[in-house]
Structures are given as structure tokens and as C-alpha cells.
> 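Have a look at the structure that comes next, please.
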Protein chains: 2
Amino acid sequence: MPRRKTTPAVPTRDRILEATAQLMRRKGYTATGLKEIVNVSQAPFGSVYHFFPEGKEQLGAEAIRVAGRQYNALVAGFFDGAPDVVDAVRDFFDTAAEVLRQTDYEDACPIATVALEVASTSETMREAAAEAFESWITDATRYFEASGVGSDRARELAVLAFMLLEGAFLLCRTWKSTEPMEIAGRFAVRAAHDLTQPEASSPVPQPPRRRRAARAAQ
Amino acid sequence: MPRRKTTPAVPTRDRILEATAQLMRRKGYTATGLKEIVNVSQAPFGSVYHFFPEGKEQLGAEAIRVAGRQYNALVAGFFDGAPDVVDAVRDFFDTAAEVLRQTDYEDACPIATVALEVASTSETMREAAAEAFESWITDATRYFEASGVGSDRARELAVLAFMLLEGAFLLCRTWKSTEPMEIAGRFAVRAAHDLTQPEASSPVPQPPRRRRAARAAQ
DNA sequence: GTCTATATCTCGATAGAC
DNA sequence: GTCTATCGAGATATAGAC
């Protein structure tokens, strides 16, 4: 029985953005070609310039914003409803390590590679990355504040966790090892612990906790 | 008076490598063209393939090794002869922030951008980056060990400092602000202090120390 | 809005005179 | 070893039928 070509569930524009974000995550901005993007997204070439008339740079900036929002949602998934923020932090780093292993060290930060590439060459894209990072850190700051950490220290802790995560992503991908992520996670957990439970007299090492139910991959 | 064309002080091969390393540091691997490299290095185009017969990938890998060795020397400059390692760590992060400001956030890690770009696309270059990072961390580990920190903890501290530095580089370049580097430096100093002077009863915050004489830019 | 064909440019790489 | 000319492939971008 002949089947009519159906309307795709995901609109063309969204498929293009999704493919762009995925490819930029793995290879960066410059190495990601428009031809490859239309191949992966199963979109007609002309649609790229229909939806993004300013070309590759506009598409790249939009893809950064999309990836940024997705990561906001991911972060929220770890913190919302977690027993406490320290558990959420531990869980987040553990899962990041697991995703690295499962994807052969391809899926790390969706923005970092591009951010470094364009920091000195495209103000448009640099600003998109800057806003995405700011949004992640602002969200994390609120979660720490909600646990009773003062505003200034909460933001410092969020920035610290971000830097540890990104530094670990770089070293894990380069070494093809998750050991750096484990070290980063331990320090992030310790810092979060020290700020959220300053009264604890004896910092007894916590046994590893069982993780919550599976969630969307990072 | 007619002047004879003089032999350049720096050999062609070295000029090519230097230009490649500099351009890759600012824009990454893919965005750095061979034409641009020969322009900057004032070298004939054919010399690139004379000295690097396997082409751009070989040149990129060599440039990573060169940049890696330069950074080894830079690290040594901070630790050798420093009053103690905690001062060296503080000094290093302070100087990194200063270099970022002075170069309008162009000169950060000479390898990180390329490492992320090629982690999933060029095993040759990934390995070069992995060895460079390993060398930096091995050196730092030795400095911490020399201050009495046990081997395992010394290496953990070196990895931690590396990740903080790299995470800060990313955020500083993207935000065009050195605030993240200052936060990273404070945590790195605290971690180094806690491990090298565990007996200190009251961790009184140290006043900022005067920096040692100027040294080569990072 | 969708899609194909193609224009134009720049890339990495090569050949060969000197 | 130096340098120029040029190749073929790939890139981004555009034109225009449907």
C-alpha cells in the first residue's frame, strides 16, 4: 500500500537547529559544514537560508541558545526535587562521567568548544555563549541560595562548579578517561557541603548514594 | 647603500610552528588556514609541506607539542624558586588574569580550543594534546610533592588546579571578565594551602602578596 | 515554504622552476 | 630550500523552478 509522505513531527527549522547543536557539540563551529547539517537534519539546503537569512553565523548563534536552554532544563532535572543540593551536585558529576563513557567521550559540554573558537572572532556567537553560561550559573546560584547559602557565596559556588565541570570535560575528552570528572565531582561536592552544612562538626565521608531514576542524557 | 637580504634569526620551520601555535591558540585548528600561517610566519608556502610532509594535521600536532613545552617552561618559572607552592599557585592565577586583560582575552590556554575540536576527529592531535596536559600535570604534581604532599593527593591537587584554570579560561574569554579566574585562584590556593599546611589551626585569610618580578607572558 | 542546481570563494595540497 | 602557479574538493551562499 503506497504511503503518502507525511508531515514530519518536528518542524524543519527545529530539525536544523537540533542537528547544528549536535554537530557543534562534537566538532565545533568551523568544522561543522552546512552540507553536513542538512544531511543530518534531513532538510533541504535552501531551508537553511530561508530560516536563517544571515547564514551560518546566525544559525550558530541560535543553535547555541537552543543548546543552552536544553542544558538549563537538564540542570533543573537534577536539582528539582533532589533530597538536597549536595546530592544533586554529586549526581550531576556522576552522570556527566557516565555520559562521557557511553558516548565514547563525544558528548560533553554542548557549547564550550564553540565558545572558545568564537570568543575572539564572532561577537554575535560569543554573546550567545556568554548568556547561556550566565543562565546556567544563575540557575545554579538560586538552587544554592534555596539551601541557605548567602547570595555572594552561592554564586561563587555556582561559578566554581561550572569551572570544575568544564575543566573536567576538557581533560576527560582529551585523555579519554573519566578520572578527572570524578576528582572534579569530589571537590564540587565538598565545596557545596562546606557551604550548605557549615555547622557539621565531623565531616564524615559520605558513602556513595544510590542515584535517582534515570533521566535524559546529558 | 644596498643591503643584502639577511638570514632570519629564527629558522623557517620554527617560525611556521610559532605562527601556527599562536593562531590555533586564538581561533582553533580548523579556522586557522595554511595561507594565514605562511603570511604570519613570513614563510614560503612550499616550506610548509617541505617541513611537514603529512600536511596540516602533522603541523597541528607539532604545534601542540611546541606550545605544550612552552607552557611547561612557564609553569616552571612560577614554581622554581618560589617561597612556597601556595604562593606559586596564587601568582600563577593572578598572572593568568592579567594576561587575559592585557590581550583582550585572546591569550588563554594555547591548547584547549584545539583539544576540544579534535578530541573526536583526530587521534594524532588528540594524543599530542593529551601528552601536553599530562606533562603539565606531572610537573605540577612534583612541585606539590616537594612540599610534602603525598603522591596521590599531590596529583589530585594538580588535576584540580588544571581544571580550575581551564574552566576559568573558558568563562573569562566568553564573558570578557577576569572574575572567574579570581574565584578559581582563590579555591586553588585554598586547596593547596589545606594540603601543604594541614597542621595550621586557624586558617587566617592571607593578605595578598606582592608578586615577584615580571616574567614571560603566558 | 520546499527543493535543486549552481555560482563563487577559499581550502588543503601539489608540481615544478629556480 | 625557496617560491609561484594552480589543481580539485569543499566550503558558504544564491537563484529560481515548483
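What you are looking at is a predicted structure, and each value in this text was computed from that prediction instead of being measured. Residue numbers start from 1 in every chain, and the chains themselves are labelled A, B, ... in the order their sequence lines are given, proteins ahead of strands.
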> Is any side-chain N of the basic residue among E123(B) and R126(B) closer than 4.0 Å to the acidic one's carboxylate O?
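Judged by the 4.0 Å cut-off on N to carboxylate O distance, E123(B) and R126(B) do form a salt bridge.
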
> Salt-bridge test for R173(B) and E166(A): reply yes if a basic N is under 4.0 Å from a carboxylate O, no otherwise.
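E166(A) and R173(B): not salt-bridged.
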
> Would you give a per-nucleotide map of nucleotides 11-18 of chain C, 5' to 3', where B means the base has a protein non-hydrogen atom under 4.0 Å away, S means only the sugar-phosphate does, and - means neither?
BBBB----

> Closer than 4.0 angstrom, basic N to acidic O: yes or no for R186(B) and E179(B)?
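No.
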
> Give me the ring orientation class for F78(A) and F92(A): parallel if the planes are under 30° apart, tilted from 30 to 60°, perpendicular past 60°.
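Ring orientation of F78(A) relative to F92(A): perpendicular.
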
> Looking at K27(B) and E36(B), is there a salt bridge between them, counting it only when a charged N and a carboxylate O are closer than 4.0 Å?
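Counted as a salt bridge, because a side-chain N and a carboxylate O are separated by less than 4.0 Å.
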
> Would you say T12(A) reaches dT2(C)'s phosphate, i.e. side-chain N/O to OP1/OP2 under 4.0 Å?
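For T12(A), the contact criterion (side-chain N or O under 4.0 Å from OP1 or OP2 of dT2(C)) is met.
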
> Between atom NZ in K27(B) and atom C1' in dT10(C), what is the gap in whole Å?
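About 13 Å, once rounded to whole Å.
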
> It should be established whether S47(B) places a side-chain nitrogen or oxygen under 4.0 Å from OP1 or OP2 of nucleotide dG1(D).
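Answer is no, no contact under 4.0 Å.
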
> In whole Å, what is the span from the CZ atom of F52(B) to the C1' atom of dG1(D)?
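The answer, rounded to whole Å, is 14 Å.
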
> Within this structure, what is the CD1-to-C1' distance between I16(A) and dC3(C), rounded to whole angstrom?
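In whole Å, dC3(C) C1' lies 12 Å from I16(A) CD1.
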
> Over how many whole Å does the gap from N39(A) atom CG to dC3(C) atom C1' extend?
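Rounded to the whole Å, the gap is 14 Å.
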
> Once you round to the nearest 0.5 Å, how far does CZ of F162(A) lie from CD1 of I183(B)?
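F162(A) atom CZ to I183(B) atom CD1 measures 12.0 Å (nearest 0.5 Å).
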
